[in-house]
Colleague: 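Take this structure first; my questions come after.
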Amino acid sequence: MKIIIINGPNINMIGIREPEIYGSETYVELQNKVNDYCDSANIDIKIVQSNSEGKLVDYLQSAYFDKYDGVIINPAAYTHTSVALLDAIKAIAPIPVIECHLSDVNNREDFRKISFLRLGCVDVVSGLGINSYIKALDEIVKIIDVNN
Ligand code: DQA
């Protein structure tokens, strides 16, 4: 099973940026935890990050062209603004996409409660720190298994 995790702007800065919100674990630790989990679950994983909206669109399209079974995306700030990312998610249907956040976006500023991407995603996981990614992996594996 091939899954791609796509991280948006400033996710590479976790552990440094606002640790009271995003935790003290670094982006390298996030990648290590996800890679260890995927090794044990026999998942073929690719983890990417970009600060650019267009590059994130390219990564979403690559899920189609490179035949991924599922996508987990933490669009970061673009969650709350990006029609281009929503359109890209719709363009790669029926590949399931889960929206994932470290923080609990529903219990922060009002603008963070708005997600343009949610309309195209099969689920949203938030508020568990790095474990949001592990929960999202568990969920997407189940969804892919049911679909196949
Ligand atoms: C975030 C939440 C977003 O609102 C914010 O812009 C981020 C990170 C999260 O993982 O909690 O950069 O997506």
Side-chain angles (χ1 to χ4, degrees), residues 1-41 43-64 66 68-93 95-144:
M1 183 179 297
K2 270 179 78 172
I3 295 172
I4 185 168
I5 295 181
I6 303 172
N7 287 302
N10 303 307
I11 300 300
N12 58 317
M13 296 290 285
I14 63 166
I16 300 163
R17 70 182 285 219
E18 301 177 274
E20 67 287 358
I21 295 174
Y22 299 114
S24 57
E25 286 174 291
T26 64
Y27 187 60
V28 170
E29 287 170 309
L30 184 159
Q31 290 174 92
N32 288 342
K33 190 164 187 176
V34 166
N35 281 325
D36 288 350
Y37 181 84
C38 289
D39 279 351
S40 65
I43 297 167
D44 181 356
I45 192 76
K46 180 171 181 183
I47 310 171
V48 294
Q49 189 273 331
S50 178
N51 295 325
S52 306
E53 189 175 14
K55 188 72 194 167
L56 297 171
V57 170
D58 291 341
Y59 282 136
L60 281 163
Q61 291 184 6
S62 79
Y64 172 80
D66 298 338
Y68 279 85
D69 299 299
V71 177
I72 293 166
I73 185 166
N74 183 347
Y78 291 129
T79 309
H80 320 298
T81 63
S82 182
V83 178
L85 291 180
L86 171 61
D87 286 350
I89 288 169
K90 289 185 168 177
I92 63 170
I95 299 173
V97 180
I98 292 186
E99 182 184 317
C100 175
H101 299 282
L102 297 147
S103 67
D104 184 358
V105 281
N106 287 319
N107 281 305
R108 296 182 61 192
E109 302 96 323
D110 280 348
F111 68 84
R112 291 188 206 273
K113 295 178 184 154
I114 297 162
S115 167
F116 281 63
L117 278 68
R118 207 157 291 177
L119 283 171
C121 291
V122 291
D123 203 1
V124 182
V125 178
S126 70
L128 303 175
I130 286 180
N131 284 328
S132 290
Y133 289 81
I134 304 299
K135 186 168 181 215
L137 280 163
D138 276 344
E139 289 195 12
I140 207 149
V141 165
K142 281 187 204 137
I143 290 165
I144 294 164

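Whatever order the structure lists ligands and atoms in, that order sets their numbers, starting from 1.
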Colleague: Verify whether one side chain among Tyr22 and Asn10 offers a donor that lies under 3.5 Å from an acceptor in the other.
Modeller: no

Colleague: Below the 3.5 angstrom mark, is there an N/O of Thr79, backbone or side chain, next to an N/O of ligand 1?
Modeller: no

Colleague: May I ask whether Met13 has any heavy atom positioned less than 4.0 angstrom from an atom of ligand 1?
Modeller: no

Colleague: Only heavy atoms count here, so choose which of Lys113, Glu18, His80 is nearest to atom 4 (O) of ligand 1.
Modeller: His80

Colleague: Does Tyr78 come within less than 4.0 angstrom of ligand 1, counting non-hydrogen atoms of the residue?
Modeller: no

Colleague: Taking the six-membered ring of Tyr59 as reference, does the cationic atom of Lys55 (NZ for Lys, CZ for Arg) lie under 6.0 Å from its centre and within 45° of its axis?
Modeller: yes

Colleague: Students should be able to answer this: which protein heavy-atom is nearest to atom 7 (C) of ligand 1, and at what distance?
Modeller: Tyr22 OH, 3.4 Å

Colleague: Answer yes or no: does an N/O atom from Ile11 fall short of 3.5 Å to an N/O atom of ligand 1?
Modeller: no

Colleague: Does any non-hydrogen side-chain atom of Asp69 lie less than 4.5 Å from one of Ile95?
Modeller: no

Colleague: Given Ile4 and Asp66, is the side-chain contact (heavy atoms from CB on, under 4.5 Å) satisfied, shown in steps?
Modeller: CA-CA 10 Å; Ile4 185 168; Asp66 298 338; over 6 Å; no

Colleague: When you compare ligand 1 with Asn74, is there at least one nitrogen or oxygen pair between them that comes in under 3.5 angstrom?
Modeller: yes

Colleague: Which is it for Glu99 and Ser115 under the side-chain hydrogen bond (donor to acceptor under 3.5 Å, both in side chains) test, yes or no, and what are the steps along the way?
Modeller: CA-CA 9 Å; Glu99 182 184 317; Ser115 167; 2.8 Å; yes

Colleague: Between Ala77 and ligand 1, does any nitrogen or oxygen pair lie at a separation below 3.5 Å?
Modeller: yes

Colleague: Assign the ring pair His80 / Phe111 to parallel, tilted or perpendicular, where the plane angle (0 to 90°) is split at 30° and 60°.
Modeller: perpendicular

Colleague: Could you tell me whether Arg17 approaches ligand 1 through its side chain, its backbone, both or neither, with non-hydrogen atoms closer than 4.0 Å?
Modeller: side chain

